[in-house]
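Residues: numbered from 1 along the sequence shown.
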Amino acid sequence: MIEVFLSAEVAIYEYDCTGASRKADALMPGYRAECDKRGRQGPIRRPDRPPVVWAPPSPGTASTLERFDGVDLPLRGAG
């Protein structure tokens, strides 16, 4: 049953994204018509990221065994 469910889910997304599916016959005709009417949008284009600007390193802080053990962390559920 899991395989049947997964193949149906994949067919839905595959047809919606590409307009074709190996299991397109398993989809309802109304759903296929809706996807066909909507058409293909093309690949998703993300905006270019700004260049990374590096700054000088910040000074580090000393560590202790207590900080490593998390002694200074707040307790869960403390209120």
Side-chain angles (χ1 to χ4, degrees):
M1 292 304 293
I2 291 174
E3 288 181 27
V4 172
F5 173 77
L6 287 177
S7 66
E9 284 290 308
V10 168
I12 289 170
Y13 296 120
E14 195 173 45
Y15 193 87
D16 191 24
C17 293
T18 66
S21 175
R22 294 165 283 182
K23 303 271 186 186
D25 57 331
L27 301 174
M28 299 292 291
Y31 177 77
R32 288 192 307 233
E34 183 181 324
C35 290
D36 293 340
K37 184 172 74 172
R38 188 170 47 243
R40 302 299 147 253
Q41 301 298 320
I44 297 172
R45 301 281 186 224
R46 296 182 183 200
D48 293 336
R49 292 186 352 190
V52 175
V53 178
W54 293 94
S58 301
T61 56
S63 185
T64 63
L65 182 59
E66 289 78 20
R67 286 187 68 193
F68 181 76
D69 285 337
V71 172
D72 60 340
L73 295 176
L75 297 175
R76 291 184 197 211

Can you tell me if E3 has over 12 outside heavy atoms packed within less than 6.0 Å of its CD?
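Open: at most 12 neighbouring heavy atoms sit under 6.0 Å from CD of E3.
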When rounded to the nearest 0.5 angstrom, what distance separates CD in E9 from CD1 in I2?
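It comes to 13.0 Å.
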Shortest non-hydrogen contact between [X] and [Y], atoms and distance:
X	Y	answer
R67	A62	NH1-O, 3.1 Å
D16	C35	OD1-SG, 3.5 Å
R22	V10	NH2-CG1, 4.3 Å

T18: side chain to side chain contact (heavy atoms under 4.5 Å, CB included) partners, not counting sequence neighbours
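Only E14, A20 meet the side chain to side chain contact (heavy atoms under 4.5 Å, CB included) criterion with T18.
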